[in-house]
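A quick write-up on the structure given underneath.
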Amino acid sequence: MRASSCLLLVAVIALLAGCSGQPAAATLPPGTPSPTAFLPKGPSPRPRDSSQGPDRVATMAAHLADASPVDPPAELTSLGNALLVGVNQRRINAGLPPLKATAELTEIAQLRAEDMVVRDYFGHTDPSSGAALVEPLMMSAGFTGRVAENIYATNAPQPTLVDQVVAAWFDSPSHRASLLDPELRLTGVGLAGDGSWWKICQVFAQQGPG
């Protein structure tokens, strides 16, 4: 990729359009819900819809097990947490509740980011088959209702990474529609780097398993 950053969204299911976010405030008004993100340390046991066949999340994790991203997990967790805090700040400013990160969606988002790094592509579909990637993963993990995915690729340095991603997503009407969709309440954030480029993924779901 020649551009310093690339931005792409294909909504998984049609999302609301025309929403606008507000710049993040320096401080929150009294009584405002906290935007603090919760990024679990690891996936929790999840109910599955056996009609969806094999556990696609476990299968994808196994395929990527020997291809670790170059950045240490603690560093990625910190960046993912900061990104979700930035997104939730703008949701709160827009009068919406903050997105709640779940272990299952965090795992899926991280696998998607790592897969884009390991296989050197950027997109919502499998570069080999053209098949959609995130919907089967989320259905296999037991998520129902509407789902969506935002992705981003950049070679920005770490100190500017989070601000760049949040600003770019909210400047894009289609990305902003996902971020400010009131029906999408659950989320997960994943980041992976190859030493030069970052691949970032945020997934959204309306309803969790169980």
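Computed from a predicted structure; not experimentally measured.
- Taking both residues in full, the closest heavy atoms of Asp115 and Tyr121 are given as OD2-OH, 2.6 Å, listed atom of the first, atom of the second, then distance.
- Contact check for Met60 versus Arg56: no side-chain heavy atoms found under the 4.5 Å cut-off.
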Q: Apply side-chain contact (heavy atoms from CB on, under 4.5 Å) to the pair His63 and Val118, showing each step before the final yes or no.
A: CA-CA 10 Å; His63 287 164; Val118 170; over 6 Å; no
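- In summary, of the residues considered (Val147, Leu105, Leu179), a side-chain contact (heavy atoms from CB on, under 4.5 Å) with Phe204 occurs for Leu179 alone.
- For Ser196, the side-chain contact (heavy atoms from CB on, under 4.5 Å) test picks out Asp194, with sequence neighbours left out.
- Distance CE/Met138 to CD/Gln206: 10.5 Å, rounded to 0.5 Å.
- Nearest heavy-atom pair across Ser178 and Ala148 is OG-CB, 4.2 Å.
- Taking all atoms of both residues into account, the shortest heavy-atom contact from Leu83 to Val165 is CD1-CG1, 3.7 Å.
- With Gln202 contributing its side chain and Gly190 its backbone, the two residues share no donor-acceptor pair below 3.5 Å.
- Scored by the side-chain contact (heavy atoms from CB on, under 4.5 Å) test, Thr144 finds Gln207 as partners (sequence neighbours excluded).
- When all heavy atoms of Leu96 and Pro182 are compared, the closest pair comes out as CD2-CB, 3.9 Å.
- In this structure, OG1 in Thr154 is found 11.0 Å from CG in Leu191, a value given to the nearest 0.5 Å.
- The distance from the CD atom of Glu149 to the NE2 atom of His175 is 9.5 Å, given to the nearest 0.5 Å.
- Relative ring orientation between Tyr152 and Trp169 is described as perpendicular, the plane-to-plane angle rising above 60° on a 0-90° scale split at 30° and 60°.
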Q: Please report the C-alpha distance between Val166 and Gln89 in whole Å, then the side-chain angles of each, then the deciding distance to 0.1 Å, and finally whether the side-chain contact (heavy atoms from CB on, under 4.5 Å) criterion is met.
A: CA-CA 10 Å; Val166 173; Gln89 176 71 79; over 6 Å; no
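- Between Lys100 atom NZ and Thr187 atom OG1 the span is 12.5 Å, to the nearest 0.5 Å.
- For Ala101 against Leu84, the heavy-atom pair with the smallest separation is CB-CD2, 3.7 Å.
- For Gln158, the side-chain contact (heavy atoms from CB on, under 4.5 Å) partners two or more places apart in sequence, or in a different chain, are Asp71, Glu75, Leu79, Trp198.
- Between the CG atom of Asn93 and the CG atom of Asn88 there is a distance of 10.5 Å, given to the nearest 0.5 Å.
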Q.
Working note: Val87 + Leu99, criterion side-chain contact (heavy atoms from CB on, under 4.5 Å); need CA distance, chi angles, decisive distance, verdict.
A. CA-CA 8 Å; Val87 166; Leu99 294 163; 4.0 Å; yes
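- The two atoms that bring Val203 and Ala109 nearest to each other are CG2-CB, 4.1 Å, heavy atoms only.
- Atoms CD1 and CD1, on Ile151 and Ile200 in that order, are 10.0 Å from each other to the nearest 0.5 Å.
- The backbone N or O of Trp197 lies less than 3.5 Å from no partner atom in the side chain of Asn155, so there is not a single donor-acceptor pair.
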